[in-house]
Structure formats: C-alpha cells, structure tokens
Amino acid sequence: IFFHSVMICLGMYLSNSGTDFYLVYFLILGLSSMSISLKYLMLNSIIFVLVYGWILFQKGLFVGDMAIGYALRLPFIIIIALLFGYIVDILIKDKSRSLKASEEKYRSLVESTDDSIYMVDRDCRYLSANSKFLSEHGVTETQIIGTNFSNFHSIKETNEFTKNIDKVFKFHRAIQYEAYSEKLEKWVLRTLSPIQEPDSTKIKAISVVSMDITGRVQTEKKLKNTYNKLKETQGQLIQNEKMAAVGRLASGLAHQIRNPLEIIIMGVEFLGNTLPDKNSNSEMAIEKIKQAVKRTDQIITDFLNFSRKSELKFEPVNVCDLLNDTITLIEHRINLKKIKIERNYYQESMEVNADKNMLQQVFMNLLNNGIDAMSEKGEIRISVKAEKAMHMEDKIGYRENDYFKIGDKMIVIEVEDTGKGIPEDVLPKVFEPFFTSKATGKGTGLGLSLVHLIMDRHQGTIKVQSEVNKGTKFTLNLQPASN
C-alpha cells in the first residue's frame, strides 16, 4: 500500500500536468487496489485526496471563480471510490460465498462416502484425506499431511502404487487397479485420477478413490470354487455311469476270465507233477505262474465286491471292539514288521450304526495300507472319540443332502501311520478306482475306493491328510447308534 501510494504521488509531482490529468492517476490507483480489499482502496483514495488537495492549494485553485468546483472534487473522489469499492466488495463477497458453498458441497460429498479418498503428489506424499481414510488408519489429517504412502502400506503395495502413479503422470489419464491391503486385511479397487493446474495440462496432484471390494472378491472365489466342484461332480457322475456299466458286465466277464485261469492252473499243476527231471528254475517258473493266477483271481474277486451292490444290514456296532478284532486278524503282519499299535479309546464302549462286516473291511483296508507304507518298527495310532460337527466340510453343513448337520453328534475314528506319506499331487486321486501308488503287483487300486463307497453307504465321511516322509492320517466320521 505504501509503495503504490508513494509511486503515484511521485508521478503526480513529477508530471507537472494539469489538475484534470491527476484524475487519471486516481483511476489507476482504483484499478490497482479494488481487487484486493475495500480498505486498501479507501486508504489509497484518502492519500490521493490529500496529495491532490495540497497540489490544488499550491496552485491557488481554491481561490477565484472555480474554487468551489475544485473543492467539490475532493469529497466527490471519496464518494466515487467508496461507491465503486462497495460494489466490488459485494461482488467479491458474493463470489466467495458461492465458492465456499461449492467447496462445502464437495467436501460433504467426499466425507459422506464410504470409500477412502485422498490426494498425493508425484512422490506419493499425502496432501489431504477424508475422514474414512483417517479413521481406518487411526490418524488425524495434520499427522498424515506430508507423510509417504509407504508409511501405511507394505513394500509390495507401495511399489505397485508408485508404478501406477508414474503411469498417470506419463499418460495423463485415470487408472484403476485392484490390490490387497495387508494392514487393513481387505481387497480394494483404487482409481487414480490426475488433477491439472487451471489453464494448463501440467498435473499438480493425483486424487485416489479406494473402494472396498473384499465382498466381491470373496464371492468370486466362492463362485470359482463352486464351479470347480460342479465340474468335479460332473466328472464323478460320468465315472459313476462308467462304473455302473462295468458292474453290469462284471459277473459275465469274471466267469469268462476264470474259466481260462482254471485251465491254466490245472495245466501248471499237471506239468509240475509229470515233469521227470525238475530243477530249481522250472519249479520257480511254475510257482510264479501259480502266484500270477492267484493274483488275477484276487483282482476279479475285489472287482466283483466293488461293483456288486449288496444290501447292508445296519445294527449297533461297538467300534472299539471291532477295531480290536480287526487288529487281531492281521496281528501276524504287524508282528512281522515289528509295528507298534497305539490305541486311544476315549470311551471303551462307543457304538455306531453300521454293517459290521463292511465296516471291518474298511478298518482292514486302512490298517493294511498303513502296514504297507511303513518299513520295520513303524507306528500306527488309532483314536476313537465322540465329537459334534462344528465346521462345514464335504457332507457336513446345512445342505439338504449333508450326512451331518452342524451340531450333530458323530463318532470320529482316526487311523494314522508313520509311513512314507502320499505326495500332494497324488492325494486327490487316492479314492479313485484302479488308482494305486504301490509298486506293480502290490495293489489293485480298489481298496480305498471300496472304503469310500462303504463310508458313503453308511452316510459317513472319510478324509485323508498326508505329508511325505512323515505319514498319513485317515479320519472317519460315522453315525452314532443313537441316530
């Protein structure tokens, strides 16, 4: 204000122009100060009037016929300045109110949204943030201004964010991307938009809208899992149709195959009895042929058992006693490999609703698998306990076709060995018919398939857990006799 006033007064003094020309200086003074404030305009106007009045006095214009005219100029200048300044001040205040109302409108819009909204500069430093963002991170706006994005996010998330910020500055367009926030433990969709300077294409900041999409991502995962299960079920239905067709042919095929086998075994026995000079090689060859025929006959028997749909006789069965009987039946194999059997029966008498012979076949197969998987001095741990169904699993939940509803009582039997384990890529296939991980000649691939079939017909479930070189655990869930 002082500089402007001095320069105008100096100009007026040096110009030595007519008094009317000094009014041009007043116009310049008014234009230079009207956009700042009314006070500034009036202060400069008063200084101008004082200087202008002194110049008029020095030139003797306040005396004579024109004295009144020159004297009236001074208050007239003040009135014009006041009126002009008032009008400009009203316009500026009105514009300020409109601007403030607009700011409040958009501020309330930003604050009312459920999304995190904030602004960052080229170096990913925060310039502002809405209340949603501040509450999520537990900070105030003053605490976050100037801090870096990396202070609130992981290194991986920061690197991805920085890369996208660079893209916005490079291409001058908005970018969207999905990211997982490790700190907030949720998925977000970030929209990065450039904020340009007025009348320029230069980007001064980036606005970021971070939308929570955790629900959508989880739904997509569930849909994907459901789709995979449907495809898996479709494959199982196709396989079941194939197995049903095989079952219808099984009896006739077994008869057709066993007839030649009987002829072969009779011929081999005839040769063994009639050869005059038998040596060790011929005897070994004859014995191998007999073993091969017996193995083929056993495969046919297993196949018939697997494909035959027999009626089950359900009755209360003491599962602990049945396990003990089954262990006794294969005790010679257990002792041969010096395997230790550890039994944990939480109650001595726990009854299930089952076909005793079929359930014993399940136990027999699982125990034999455990023995085959171990070398000498291994260990098989067996536990029997009663539990309530607490978690949704296959055939356990709230669905109509589930065998156990959440909260139902079930008898849980665990058979765990310390054998070589099953590789992770093989584990999903262990219940498939004719699949075996045993060496050639050691298994038919129908044992666990039969176990799964029997459990299904008992409205029970079976699952397997395994770790290579540590062992395998089978968990059976059976219906209590009280059900």
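The model shown is predicted, which means the values in this text are computed figures rather than measured ones. Quick note: numbers below take in every heavy atom, side chains included, and nothing from hydrogens, waters or symmetry partners.
Taking the side chain as every heavy atom from C-beta outward, Leu189 and Ser210 never approach each other to under 4.5 Å. Using a 4.5 Å heavy-atom cutoff, the side chains of Ile396 and Asn477 are in contact. The side-chain heavy atoms of Glu157 and Phe161, taken from C-beta on, include no pair separated by under 4.5 Å. The side-chain heavy atoms of Ile462 and Val451, taken from C-beta on, include a pair separated by under 4.5 Å. Contact check for Ile117 versus Val208: no side-chain heavy atoms found under the 4.5 Å cut-off.
Under a 3.5 Å cut-off, the side chain of Asn148 and the backbone N or O of Asn151 do not form any donor-acceptor pair. Side chain of Asp417 to main chain of Thr472: a donor-acceptor pair is present (N/O by atom type, distance under 3.5 Å, no hydrogens or angles). A donor-acceptor pair is defined here as one N or O able to donate and one able to accept, closer than 3.5 Å; such a pair exists between the side chain of Asn159 and the backbone of Ile155. Side-chain atoms of Asn368 do not come within 3.5 Å of backbone N or O of Phe363 as any donor-acceptor pair. Side chain of Asp123 to backbone of Arg125: no donor-acceptor contact under 3.5 angstrom is found.
Other residues, nucleotides and ligands contribute only 12 or fewer heavy atoms inside 6.0 Å of the NZ atom of Lys470. Heavy atoms from other residues, nucleotides or ligands lying under 6.0 Å from CD1 of Ile68 number 12 at most.
Contacts of Thr214 classified as side chain to side chain donor-acceptor pair (under 3.5 Å), with partners at least two apart in sequence or in another chain: Asp212. With sequence neighbours excluded, no residue satisfies side chain to side chain donor-acceptor pair (under 3.5 Å) with Ser154. Considering only residues two or more places apart in sequence or on other chains, Asp166 meets the side chain to side chain donor-acceptor pair (under 3.5 Å) condition with none of them. Legend: residues meeting ring pair (Phe, Tyr, Trp, His ring centres under 6.0 Å) with Phe474, ordered by chain and number and at least two apart, are absent. Applying the ring pair (Phe, Tyr, Trp, His ring centres under 6.0 Å) rule to Tyr403 yields no partners; only residues at least two apart in sequence or on another chain are considered. Listed by chain and number, the residues in a ring pair (Phe, Tyr, Trp, His ring centres under 6.0 Å) with His452 are Phe431 (sequence neighbours excluded). His172 is linked by a ring pair (Phe, Tyr, Trp, His ring centres under 6.0 Å) to nothing, counting only residues two or more places apart in sequence or in another chain. Residues that satisfy the side chain to side chain donor-acceptor pair (under 3.5 Å) test with Lys395, not counting sequence neighbours, are absent from this structure.
We find the CG-NZ distance between Asp121 and Lys204 to be 12.5 Å, quoted to the nearest 0.5 Å. Note that NZ of Lys167 and OH of Tyr177 are 10.5 Å apart. Values are rounded to the nearest 0.5 Å. Taken from CE in Met119 to OG in Ser128, the straight-line distance is 3.5 Å, to the nearest 0.5 Å. For the atom pair OH of Tyr126 and CD of Gln143, the computed distance is 13.5 Å after rounding to the nearest 0.5 Å. Rounding to the nearest 0.5 angstrom, the gap separating the CG atom in Leu359 from the CZ atom in Phe314 is 10.0 Å.
Within the structure, salt bridge (Lys or Arg N to Asp or Glu O under 4.0 Å) contacts touching residues 78-88 (residues at least two apart or in different chains) do not occur. For residues 184-205, the set of pairs meeting the ring-ring contact (aromatic ring centres under 6.0 Å, His included) definition, not counting sequence neighbours, comprises Tyr180-Trp187. Evaluation of the ring-ring contact (aromatic ring centres under 6.0 Å, His included) test over residues 195-229, restricted to residues two or more places apart or in two chains, returns none. Each salt bridge (Lys or Arg N to Asp or Glu O under 4.0 Å) pair with one or both residues in residues 126-138, not counting sequence neighbours, appears once here: Asp114-Lys132, Glu136-Lys186.
Side-chain contact, Thr191 with Gln176: a donor N or O sits under 3.5 Å from an acceptor N or O.
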Quiz prompt | Steps toward salt bridge (charged side-chain N to carboxylate O under 4.0 Å, His left out) verdict (Arg216, Glu220) | solution = CA-CA 6 Å; Arg216 192 200 78 189; Glu220 287 176 353; 3.3 Å; yes

Exercise. Report the C-alpha distance between Lys183 and Glu185 in whole Å, list the side-chain angles of each, state the deciding distance to 0.1 Å, and finish with yes or no for salt bridge (charged side-chain N to carboxylate O under 4.0 Å, His left out).
Key: CA-CA 6 Å; Lys183 182 179 179 181; Glu185 296 183 345; over 6 Å; no

Quiz prompt | side-chain contact (heavy atoms from CB on, under 4.5 Å) assessment of Phe152 paired with Ile144 | solution = CA-CA 10 Å; Phe152 300 92; Ile144 200 173; 3.9 Å; yes

Quiz prompt | Step-by-step salt bridge (charged side-chain N to carboxylate O under 4.0 Å, His left out) determination, Arg381 to Glu416 | solution = CA-CA 5 Å; Arg381 293 183 286 271; Glu416 185 176 4; 3.4 Å; yes

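Across all their heavy atoms, Glu178 and Glu160 have their closest contact at O-OE2, 3.8 Å. When all heavy atoms of Thr162 and Cys124 are compared, the pair lying nearest together is OG1-SG, 3.9 Å. Shown here for Glu351 and Pro316, the closest heavy-atom pair between the two residues is OE1-CB, 3.6 Å. Heavy atoms only, all atoms of each residue included: Leu367 and Val415 are closest at CD2-CG1, 4.3 Å. Nearest approach of Ile203 to Pro194, heavy atoms of both residues: CD1-CB, 3.6 Å. Phe404 and Ala389 get closest at one heavy-atom pair: CB-CB, 4.4 Å.
Cation-pi geometry between Arg122 and Phe169 is met: under 6.0 angstrom from the ring centre, within 45 degrees of the axis.
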